[in-house]
Each structure stands twice: as C-alpha cells, then as structure tokens.
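Taking it in order: structure first as structure tokens, then the write-up.
Counting starts at 1 for both ligands and their atoms, following the listed order. What you see below is based on every heavy atom in this structure, not just the backbone, and it leaves out hydrogens, waters and symmetry mates. Note that the coordinates shown come from a computational prediction; the quantities given were computed from them, not determined experimentally.
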Amino acid sequence: MKKLLDLITEELKEAFAKAGYPNDKVTATVSNRPDLCEYQCNGAMPLAKEAHKAPLQIAEEVCSFLKDSKSFSLAEAVKPGFINLNITGNFLSDYVNQMAIADKFGYEEEENPVKVLVDYGGPNVAKPLHIGHLRAAIIGESIKRICRFTGHETLGDVHLGDWGLQMGQIIAELKVREPDLPYFDESFEGEYPKEAPFTISELEEIYPTASKKCKTESDTYDAAFAEAAHQATAELQHGKPGYRAIWQHIINISVADLKKNYDNLDVHFDLWKGESDVQKYIPDMVEKMKAEGFAYESEGALVVDVAEETDKKELPPCIIVKSDGATLYSTTDLATLVERMELFAPGYVIYVVDKRQGLHFEQVFRTARKTGIVPEEEKLFFLGFGTMNGVDGKPYKTRDGGVMRLETLIAEINEAVLEKMKENREFESSEAEETAKIIGLAALKYGDLSNQATKDYIFDMERFTSFEGNTGPYILYTIVRIKSILSKYGKTPSGKVEFTGEKTEKDLMMKLTMFSQMIDAAYEECAPHKICSYIYDLANAFNSFYHEVRILTQEDEAKKDSYLSLLLLTQRVLEQCIELLGFSAPERM
Ligand code: ARG
C-alpha cells in the first residue's frame with residue numbers, strides 16, 4: 001500500500017502542476033501545529049522568487065485546485081505561504097480499512113532484499129553473562145527482527161568470544177587442581193571422556209580464580225601460573241589434543257548455559273559461530289595481504305595502513321600479526337569477514353557492539369575494504385551502543401559494587417513488577433509469576449530500546465517497571481485493556497471502521513496510518529527507539545479515545561462495531577510492534 005503521506009503528496013503535486021508550477025520538491029508532512037491543521041505543505045515558499053509572486057498567492061492558487069478534492073476537508077493558504085490541510089474522515093477510514101486487511105498492514109516490503117547478517121550478543125564463553133552483554137542482545141535482536149519484517153533475509157550470529165586467554169587460564173587451573181586427568185597425560189592415546197570434568201557452576205568459580213592469579217595487581221597473583229596459562233593458550237591454539245578436548249567441554253557447557261539465558265530474554269541466534277571457527281582462515285588471509293602489498297612490517301609487527309586524508313583524528317594502522325607472532329581481535333574480525341563472505345555472502349553486516357569498540361571496527365572495516373575482503377557494494381555498519389548506568393550515573397553495579405549478573409537483574413525486575421501487580425489486584429501465585437516474567441521482560445527491553453542506542457542511559461528500576469508513563473508495562477497495559485474490551489464485547493467485530501466524527505477517533509486513525517513510514521525509518525536508521533515512540537503515541541491516542549468515547553455502552557450498534565474494529569486494529573499494530581522490539585503481552589495484568 002502506498003503511504004498515506006505519499007497519497008497526500010501526490011494530490012498536492014497534481015494541484016501544483018495544474019496551477020502551473022514545478023512540483024518536484026512538493027511534499028506533505030504531518031502538521032507541527034496540530035491545533036491548526038492535520039497536515040501541511042510548505043511547497044509554495046521556494047517557488048516565490050522564480051515566479052515573481054508572493055508565496056501566499058501561489059499557495060492560494062494551488063488551493064483553488066484542491067477545492068473539490070475527496071481527500072481534503074480543508075486546504076487553506078495561510079501567511080506567509082503555507083498550505084494547511086485536513087483530511088476527510090472517509091478518506092482516512094478507507095485507508096485504515098485497507099490496512100486492516102492487507103498483509104503487514106500494507107507495509108511494502110523491500111523490492112531488492114539482501115541478506116543481512118547481524119553480529120550481536122558477543123558473549124565470552126566460560127564467563128557468566130553480565131549486564132554489559134544485555135544491550136547487545138536486546139538491541140541486536142530487535143534490529144534483526146526489524147530487518148526481517150522489511151523483507152530482508154536475516155542471519156543473527158552470536159559471535160562467541162571462545163578463543164582468548166581465558167581458555168588457557170581455565171586449562172592451567174584445572175591442571176593444578178586435577179593433574180591426573182587424561183587431558184594432561186602426554187602419553188594418553190585413548191578417547192577422552194564425553195562428560196566434562198566440571199559443571200557450569202564450577203566453571204564459573206574456576207575462571208575468576210584463575211584469572212585473578214594472572215593479574216599482577218591482584219593479591220593472588222602468581223607469575224608462574226600466569227606463564228603456564230599463556231603456554232596453555234598457545235598449545236591449545238596449536239591444536240594440542242588434550243587441550244582441544246577440554247576446550248570443547250568448556251564450549252559445550254557454556255553454550256548450553258548461554259542458550260538458556262538468551263531464551264529467557266527471548267533472544268535467538270541463527271548462528272552459534274565464534275572466534276575459534278575462523279582461525280583457519282587467518283594464514284591465507286595474511287599471506288594474501290602481504291603478497292598484494294597491503295600488509296607490511298613495522299617494528300616487528302605486520303600492519304595495514306588505514307588512515308585517510310580526510311580523517312580529522314589520526315587513525316593508527318591496523319595490526320594483523322604482533323611481533324611475537326600472535327594474532328589479535330582485529331585479525332579474528334577480519335577472518336570472520338572472510339568466512340562470512342565465503343559462506344553467506346551477506347549484502348549488509350550490522351555489528352551491535354559497545355560503542356567503545358568504535359575505533360576497532362573503523363580499522364577492521366577500512367582494512368576489509370582496502371584488501372578486498374569486502375567489496376564496496378556490501379554494506380558494513382557499526383551500531384555502537386552506550387553504557388547502561390545506575391541512578392548514580394555510573395555503570396550499573398550490584399548493591400555491593402560488583403558486576404551484576406544478568407540473571408540477578410532479571411530476578412530483581414520480576415520481583416519489582418510482581419509487587420506493582422499485587423497493588424492493582426489479587427493474583428493466583430502461579431499466574432502472577434508467569435505474568436510478572438512477561439511484564440518484567442517488557443520493562444527491561446522497552447527501558448533500553450526507548451533510548452537512542454548510541455546514548456548512555458540510566459537504568460531506573462522504579463521508572464521502568466511503572467505501569468504509567470513511557471514504559472513497557474504501560475504499553476502492555478494498553479494492549480490488555482483492549483483485549484479485555486474486545487472479550488467483553490463477546491463477538492469479533494466486522495473489521496470495518498466508519499468515521500463517526502469524534503476527534504480522538506480521528507487522531508487514533510491518523511496514528512495508525514503512520515505505521516509503514518515509521519518502520520522504514522526504524523530500518524534505515526537501525527533505530528528501535530522509533531518503534532517505541534510510535535507505540536507510546538499510539539497507546540496515548542487509544543487511551544484518549546477510550547476516555548472520551550463510549551465504546552461498550554454505545555447504543556448505536558453500527559458505531560459500536562466500528563469502534564471495536566478500530567480497537568482490534570490498534571491492538572494488532574501494537575502487538576506487531578512489540579514483537580519487533582522482542583517482547584509480548586500477557587492475557588491479563
Ligand atoms: N566478545 C566481544 C566482547 O565481549 C564482543 C564481540 C563483538 N563482535 C565482534 N565481531 N567483534 O567485547
């Protein structure tokens with residue numbers, strides 16, 4: 001379906017042409033003075049000079065060709081040359097009725113879809129998920145769903161951090177604790193056990209203990225251990241069978257735990273690939289970079305220059321191989337692009353990662369372009385997100401100042417929601433807990449997504465879980481309210497809206513018509529917050545309508561059916577939008 005604003009623009013363009021003016025720059029917008037009119041057009045202003053006429057006169061001439069329009073109930077030229085427009089209720093309700101029966105509410109899918117790969121999550125195995133990974137998961141999942149909705153084929157990749165020093169540290173610690181395990185027996189030739197020698201909770205204790213022993217500033221620092229961990233990492237990376245077997249255990253156990261956590265967040269990946277998967281691409285990639293003259297030696301390291309003349313800040317070269325022969329985070333990300341191009345050939349790759357990694361991605365992207373790993377026509381985009389802070393403005397912490405685990409945060413939110421729910425009404429305890437989980441997730445995700453991703457934001461438990469204001473629970477409350485009205489009605493409304501002349505009814509319809517436009521903006525700008533502000537407006541428009549107009553107590557059956565049809569569409573649009581944000585509504589709350 002054409003967008004409503006495009007239909008209005010077309011009619012305006014025609015009137016400009018009839019009045020004898022060029023119309024290529026004519027557009028209609030939603031009025032910024034809703035007290036004066038619904039839509040507006042400023043197209044007469046720039047024509048004045050060329051036409052040697054006052055803009056007001058041009059606007060008046062154009063308006064004279066809009067008098068008999070079936071779309072406009074008002075087309076009026078006002079000083080200094082604007083055109084104020086109102087549309088007729090019928091034109092609007094026709095449009096809304098078409099939306100109701102169209103697929104995706106009439107949203108026109110991308111004509112030339114591409115494969116979009118979204119790299120998000122980025123957890124590091126063996127380390128528990130903490131809230132630093134929360135934003136990546138929440139924003140990435142929503143971006144992926146938005147891309148999918150617009151008609152692109154999408155792939156979400158978790159891109160595990162599964163190749164770092166933490167692996168060697170765990171292996172070294174295990175060797176200290178259980179030296180007799182077959183993994184450490186150089187002469188062992190049998191098959192290694194299928195069962196891991198540790199559980200996830202043991203792993204979560206082993207890793208921090210080992211990691212502390214490697215930190216010079218910690219009180220348990222152990223230089224010999226740190227060296228052993230280094231050694232173990234190198235041996236693992238060179239393929240030592242016993243260490244590979246331990247590594248596989250760590251991956252299996254961590255991934256199972258991660259999946260459980262992501263499931264709780266309703267976050268799902270198509271690909272569970274990691275840094276380890278791409279190591280095999282590195283040697284060829286490096287050779288090629290050298291052979292083609294892109295990579296050269298500098299102070300013992302192998303680097304690629306990425307600075308460009310137009311740079312305002314100096315961009316250091318991208319290091320591919322360190323002087324000791326080790327590869328780096330950037331090497332792995334480049335090899336990941338090699339693999340992605342080979343296996344999936346995506347037209348667009350979106351990275352949803354902490355914005356402090358901006359420089360890293362700038363270097364990686366430039367190197368990938370320069371060396372031909374990623375051809376010019378494939379888009380690469382870094383969506384760097386800001387930090388989630390506590391009410392004190394500092395990165396969110398536990399009460400005793402530690403890094404908060406995701407599970408703890410979720411439990412705290414659900415608890416806060418449960419209390420709010422109980423203030424409202426009585427619940428059976430099992431229903432209450434289920435519902436609190438659904439609302440808690442909405443509070444968490446909406447609280448995050450309603451902010452522009454690139455900005456830092458304050459995680460305010462009290463505000464995010466409130467049933468009023470610009471919050472997830474308020475949106476859910478609105479949906480539940482509509483559901484309850486519809487169920488009291490007892491039958492399915494016809495689905496056809498006929499405008500009855502109510503102002504709030506018209507406002508609600510006008511908000512509904514903005515759906516497709518909003519989706520386009522959310523996709524183009526990678527901006528889930530646009531969906532949030534749209535549904536906040538839509539929920540407010542519905543609530544005003546609900547307070548102003550008698551719906552269920554309406555005597556006129558035709559009117560009642562029309563109102564309920566409007567409600568049904570509102571509910572469907574709201575539910576579609578929250579699906580794109582990554583949460584859902586309960587039956588009751
Ligand atoms: N594991 C990384 C971290 O915790 C994030 C990975 C982001 N994705 C990427 N392709 N580098 O910082």
Side-chain angles (χ1 to χ4, degrees), residues 116-141 143-144 154-170 204 207-208 211 233 247 250-251 254-255 257-258 261-262 267 269-279 281-282 285 318-320 327-344 346 348-369 373-374 378-388 395-396 403-406 453-454 526:
V116 185
L117 192 148
V118 189
D119 177 319
Y120 68 109
N124 301 312
V125 299
K127 304 185 191 176
L129 267 189
H130 60 79
I131 55 168
H133 293 112
L134 182 66
R135 296 209 74 192
I138 293 180
I139 300 167
E141 179 72 19
I143 299 282
K144 184 188 71 186
T154 60
L155 281 174
D157 183 6
V158 70
H159 197 72
L160 294 172
D162 60 358
W163 204 235
L165 190 58
Q166 82 263 35
M167 295 299 177
Q169 293 173 343
I170 294 168
E204 286 179 0
Y207 168 67
S211 156
T233 310
W247 174 84
I250 302 175
I251 300 287
S254 286
V255 165
D257 186 61
L258 284 169
N261 275 288
Y262 282 127
V267 166
F269 298 94
D270 306 290
L271 302 172
W272 280 82
K273 297 181 80 62
E275 296 179 347
S276 66
D277 288 300
V278 302
Q279 300 306 316
Y281 293 91
I282 292 180
M285 178 182 86
C318 184
I319 305 177
I320 310 293
T327 53
L328 301 94
Y329 189 41
S330 24
T331 325
T332 300
D333 262 324
L334 284 163
T336 304
L337 277 168
V338 172
E339 185 191 49
R340 285 177 179 164
M341 291 301 146
E342 199 171 299
L343 299 186
F344 313 113
Y348 187 12
V349 186
I350 304 174
Y351 292 82
V352 184
V353 186
D354 193 309
K355 72 176 170 197
R356 286 169 290 191
Q357 295 192 20
L359 175 63
H360 162 76
F361 281 101
E362 188 61 50
Q363 290 178 309
V364 167
F365 290 177
R366 286 192 188 185
T367 308
R369 296 273 186 224
I373 294 174
V374 181
E378 327 265 327
K379 237 166 98 181
L380 297 173
F381 182 66
F382 170 64
L383 178 63
F385 54 79
T387 310
M388 169 174 146
Y396 199 82
V403 176
M404 177 158 307
R405 294 184 53 158
L406 197 55
T454 49
C526 278

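- The closest donor-acceptor contact from the side chain of Asp162 to the backbone of Glu275 lies under 3.5 Å.
- A 4.5 Å side-chain heavy-atom check between Val158 and Tyr262 finds at least one atom pair inside the cut-off.
- Contact annotation for Asn124 and ligand 1: only side-chain heavy atoms (C-beta onward) come within less than 4.0 Å of the ligand.
- A donor atom on one side chain and an acceptor atom on the other are not found under 3.5 Å apart for Gln357 and Tyr351.
- Of all atoms in ligand 1, listed by their number and element, those nearer than 4.0 Å to a heavy atom of His133 are 4 (O).
- The shortest side-chain heavy-atom distance between His360 and Val353 does not fall under the 4.5 Å cut-off.
- With a 4.0 Å cut-off on non-hydrogen atoms, Trp163 does not touch ligand 1 at all.
- Which parts of ligand 1 touch Tyr351 is read off a 4.0 Å heavy-atom cut-off, strictly below it: atoms 10 (N).
- For atom 3 (C) of ligand 1, the nearest non-hydrogen atom of the protein is Gly122 O, 3.8 Å.
- By the criterion of a heavy-atom distance under 4.0 Å, the side chain of Asp333, and not its backbone, is placed next to ligand 1.
- Under a 4.0 angstrom heavy-atom cut-off, His360 registers as lying outside contact with ligand 1.
- Put simply, no part of Tyr120 is less than 4.0 Å from ligand 1, judged by heavy atoms.
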Requested in this report: In sequence, state the C-alpha distance, the side-chain angles, and the governing distance for Gln363 and Leu334, and then conclude on side-chain contact (heavy atoms from CB on, under 4.5 Å).
Outcome: CA-CA 10 Å; Gln363 290 178 309; Leu334 284 163; over 6 Å; no

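- Using a 4.5 Å heavy-atom cutoff, the side chains of Val338 and Val278 are not in contact.
- Across His159, Arg356, Arg340, heavy-atom proximity to atom 9 (C) of ligand 1 is greatest for His159.
- Scanning the protein heavy atoms around atom 8 (N) of ligand 1, the nearest turns out to be Asp119 OD1, 3.2 Å.
- Glu204 approaches Arg405 most closely through the heavy-atom pair OE1-NH1, 3.0 Å.
- No N or O atom of Val353 sits closer than 3.5 Å to an N or O atom of ligand 1.
- Proximity to Tyr329 (heavy-atom distance under 4.0 Å) selects the following atoms of ligand 1: 2 (C), 5 (C), 6 (C), 7 (C), 9 (C), 11 (N).
- For Glu275, the heavy-atom gap to ligand 1 stays at 4.0 angstrom or more.
- Closest approach of Thr233 and Gly168 over heavy atoms only: OG1-CA, 3.2 Å.
- The protein non-hydrogen atom at the shortest distance from atom 12 (O) of ligand 1 is Gln357 NE2, 3.0 Å.
- A heavy-atom distance below 4.5 Å is found between the side chains of Thr327 and Gln279.
- Shown in contact with Phe361 at under 4.0 Å from a heavy atom are these atoms of ligand 1, numbered in order with element: 9 (C), 11 (N).
- Counting non-hydrogen atoms of neighbouring residues, nucleotides and ligands closer than 6.0 angstrom, the CD1 atom of Ile319 reaches no more than 12 such neighbours.
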